[in-house]
Protein chains: 2
Amino acid sequence: MKLKEFAKQLGLSPTTVSRALSGYPEVSEKTRKRVAEEAVRLGYRPNVNAVRLVTGRAGAIGVVMGRNGEFQFSEYMSGMAERLDSEDIDILVTPIAEQGGKDESQLHSRLATSGRVDAVIIHSPMPKDERIALLHRLGMPFLVHGRSETDVPHAWLDIDNEGAIRRATSHLIDLGHRRIAMINGRAGLTFSLHRDQGYRKALEQRGIQFDPRLVAHGHFTDELGFRFARSFLEQSPRPTAFVAGSMMTALGVYRAVRSFGLVVGRDISVIAHDDVFPYLTADNMVPSLSTTRSSLRAAGVRSADLVLQLLSGRPATEIHELWPVELILRESTGPVPHSDAIPDKAG
Amino acid sequence: MKLKEFAKQLGLSPTTVSRALSGYPEVSEKTRKRVAEEAVRLGYRPNVNAVRLVTGRAGAIGVVMGRNGEFQFSEYMSGMAERLDSEDIDILVTPIAEQGGKDESQLHSRLATSGRVDAVIIHSPMPKDERIALLHRLGMPFLVHGRSETDVPHAWLDIDNEGAIRRATSHLIDLGHRRIAMINGRAGLTFSLHRDQGYRKALEQRGIQFDPRLVAHGHFTDELGFRFARSFLEQSPRPTAFVAGSMMTALGVYRAVRSFGLVVGRDISVIAHDDVFPYLTADNMVPSLSTTRSSLRAAGVRSADLVLQLLSGRPATEIHELWPVELILRESTGPVPHSDAIPDKAG
DNA sequence: GCAGAAAGCCAAATCGTTTTAAATTTTCGA
DNA sequence: TCGAAAATTTAAAACGATTTGGCTTTCTGC
């Protein structure tokens, strides 16, 4: 059913019908109501592609998915979907072309110029992220999920990674731990840097020497969690506590600790960052895992919301949100064992 | 840069340019080459929405994402993305509206009639799935990832869930296990039914009585894995082996077994289904986990491929693919302990 | 050298909306 | 009752491509 045909059935012109449905004020309330009702009854729905052509809007938000299907991805998307449910806006997932920075820029520029999306969400930015400058230059609205140090003005939503890890590390120090290992995310990404900073600040505040041999970077996989944790535990003196970057990493750490005949929560303390997944919960781990917690799904919901605001004209420079992160203490953290305790300078 | 303008610069008509770029035969090779080169040089790219309007194609494949962001989702998507990389086709992720079957149908029908997508992929179908009849009725091409018993002809891609679980269960029986518990996926979904059938057939073949108290259904979460496994282990006599529906389920089972002071691979055998995730690998679990393995990413790649075939005219009735599933034996499966052994009828 | 076929190119119609500018009708104060 | 202002409605022009059908050239075989 086309607009023309539908309008004829109503005895109105296409113009009036279009206006009635789009909520323009120049149409009488009586007519609008009739049009709306008939549209439902006759099942008229405007052709999306025609609308898009004439309005120049794409009706979609673009998300670029990394090559290595991160497990977090679907949770965030799920949140976005929840928010966009009521709007007439789709989520366009774009395949990432090749590995390496060059192609990623090219991909974003193609996405931005293709007219397929009205806005783009950038994930896991780096401090100097060329994607940000690129999208800005192309005039494509975008939201950064995470943070960047670029001086290009842009909208962003991030969690307080630094504060989270600082508090987590501080808490471990309070428990008497002095050798605290850190298994962080991929090197070079802003959130990894922030977490590193949080870790170092906590140590600094308590006068503990930073030891680069206790820090590792990499993808959030159980495998890396295991390998890094094992290599740390082989050191002498070994660390008595771990800060793990993700739930998957924590799984690997738990296994590594066990493989040394040690017990998590007694011999070795562990805190991990938890994005709150329905399928893997910190509470159910044995022992239950202390976490820095922030709902990724909630971030997805809010991201979608902010992008909508951006599209309706709110200036990008106004949109900066930094979410606090909870620290949830459970059984995986405990006082440093006596045998491992290192006397304080004062002690 | 518009087509008209671009054509003028080349001294050609829009018609010829359009044809040259779309690979129609009515244009000389020399001209085609020149047009292609100039398009790159001048950065001309056809307006997507105009193309879509006139061709009636949407240039996107729709995927409906469940409310509870399954962790598998991104891996499958990632595979699709890999395949669609070279094509000019997007993946459109549609928020699922509300819970409950009614709204899901409505959602699919809106998606199908909205003109936003050229084809749809349906996940986790049920034997009588109304979505299939609906899309068929609406004339929207679709691929079912999984299987259904509906008599509506349709394209599908599935893995041999029944065979996989049958072999897994048979193997456990070969090892002497007689009380084998099964933690399956959500009740009512076809793949859960197939797995149930595989499980029952294996028992039947060896004359082992099916015990409904050893089977559970639910989402693939560590929590359910743990809870179900614990409740099974409280039975007397307790099961000596588990078949787990997913890696997350297996994590829960491992923990439950340990919480009883038992050892996986010695006291209790475990086999789980593994979709092959980069972030959680069966090989790295302790003990390493025996699995029925099938790459979900590969399924995503192939799904995209099949949808493309569907769109280029291959009849849906021709597209039926059933993938075999590997059985990988690792340390989590072993002979039934002597104390638990139940003498065979013959023994 | 010529007719007919094939190759290469083009003008104009089309896809289904929104929106501009103009026309019509209604309202209302004097 | 009239005329201006306000409220509705409309015809027609975009939006930017593809595609139909026709129009020129260039080959081909005799």
Side-chain angles (χ1 to χ4, degrees), chain A residues 1-36 38-39 42-60 88-90 110 112-118 311-312, chain B residues 1-36 38-39 42-60 88-90 110 112-118 311-312:
Chain A
M1 163 95 49
K2 303 167 192 184
L3 172 59
K4 215 168 162 182
E5 197 180 333
F6 176 56
K8 192 177 288 177
Q9 296 227 6
L10 284 174
L12 288 170
S13 74
T15 310
T16 306
V17 172
S18 169
R19 285 191 161 141
L21 290 176
S22 312
Y24 278 67
E26 304 95 327
V27 63
S28 76
E29 210 43 60
K30 204 176 70 183
T31 309
R32 181 194 310 291
K33 200 177 159 194
R34 189 164 70 97
V35 171
E38 289 296 283
L42 297 175
Y44 168 74
R45 287 170 48 76
N47 177 302
V48 181
N49 293 321
V51 174
R52 289 178 177 174
L53 172 58
V54 71
T55 60
R57 273 178 237 121
D88 207 29
I89 293 193
D90 307 309
R110 266 212 317 218
T113 57
S114 71
R116 271 189 264 261
V117 296
D118 296 319
L311 288 177
S312 66
Chain B
M1 163 98 44
K2 304 168 189 183
L3 171 58
K4 215 168 162 182
E5 197 180 333
F6 177 55
K8 192 177 287 178
Q9 296 227 5
L10 285 174
L12 288 171
S13 75
T15 311
T16 305
V17 173
S18 170
R19 285 194 160 135
L21 291 175
S22 312
Y24 278 68
E26 302 96 328
V27 63
S28 76
E29 210 43 59
K30 203 177 70 184
T31 308
R32 180 192 312 291
K33 200 177 158 195
R34 187 163 71 96
V35 171
E38 288 295 281
L42 297 175
Y44 168 73
R45 289 170 48 74
N47 177 302
V48 181
N49 293 322
V51 173
R52 288 177 177 175
L53 172 58
V54 71
T55 60
R57 273 176 238 122
D88 207 28
I89 292 192
D90 307 310
R110 266 212 317 217
T113 57
S114 71
R116 270 190 265 260
V117 296
D118 297 318
L311 289 178
S312 65

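What's counted below: heavy atoms across the whole structure, side chains too, no hydrogens, waters or symmetry copies. Just so we're on the same page: letters track the sequence lines, and every chain starts at 1. Everything numeric here is computed off the predicted structure, so don't read it as measured data.
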Can you check whether A:Arg57's main-chain N or O pairs, donor with acceptor, with A:Asp118's side chain at less than 3.5 Å? no
Quick one: list whatever passes side chain to side chain donor-acceptor pair (under 3.5 Å) with A:Thr15, sequence neighbours left out. none
May I have the distance from A:Arg32 (atom CZ) to D:dA7 (atom P), rounded to whole angstrom? 14 Å
Round to the nearest Å and state the distance from A:Glu29 atom CD to D:dT9 atom C1'. 16 Å
Going by the rule side chain to side chain donor-acceptor pair (under 3.5 Å), which residues pair with B:Ser28 if we only count those two or more places apart in sequence or in a different chain? B:Thr31
Evaluate the salt bridge (charged side-chain N to carboxylate O under 4.0 Å, His left out) criterion for residues B:Glu5 and B:Lys8: first the C-alpha distance (whole Å), next the side-chain angles of each, then the deciding distance (0.1 Å), finally the verdict. CA-CA 5 Å; B:Glu5 197 180 333; B:Lys8 192 177 287 178; over 6 Å; no
Do you know the tightest heavy-atom contact between A:Ala58 and A:Arg116? CB-O, 3.1 Å
d(CZ, A:Arg116; P, D:dA17) in whole Å: 14 Å
Specify the separation, in whole Å, of atom CG of B:Leu3 and atom C1' of D:dA14. 16 Å
Where chain A begins and ends its contact with DNA chain C, read 5' to 3' at 4.0 Å from heavy atoms: C:dG16 to C:dA21
Is A:Phe6 touching bases, backbone alone, or none of the nucleic acid, heavy atoms closer than 4.0 Å? nothing
Contact under 4.0 Å: A:Thr15 side-chain N or O vs D:dT10 OP1/OP2: no
Please state how far atom CD in A:Glu26 lies from atom C1' in D:dA7, giving the value in whole angstrom units. 10 Å
Using whole Å, report how far NZ of B:Lys2 lies from C1' of D:dG16. 8 Å
Under 3.5 Å donor-acceptor pair, B:Ser22 side-chain atoms to D:dT18 base atoms: no
Look at the side-chain N and O atoms of B:Tyr24 and state whether any lies under 4.0 Å from the OP1 or OP2 oxygen of D:dT19. yes
Is a donor on one side and an acceptor on the other found under 3.5 Å between the side chain of A:Ser18 and the backbone of A:Pro14? no
Base, sugar-phosphate, or nothing for B:Ser28, non-hydrogen atoms under 4.0 angstrom? sugar-phosphate
Residue list, salt bridge (charged side-chain N to carboxylate O under 4.0 Å, His left out) with A:Arg19, at least two apart or on another chain: none
Just call it for B:Ser18: base, sugar-phosphate, or nothing, with non-hydrogen atoms closer than 4.0 Å on any strand. base
By a strict heavy-atom criterion of less than 4.0 Å, which residues belonging to residues 47-55 of chain B are in contact with DNA chain C? B:Leu53, B:Val54
N/O donor-acceptor pair under 3.5 Å between A:Asp90 side chain and A:Ala60 backbone: no
Partners meeting side chain to side chain donor-acceptor pair (under 3.5 Å) with A:Ser13 (sequence neighbours left out): A:Thr16
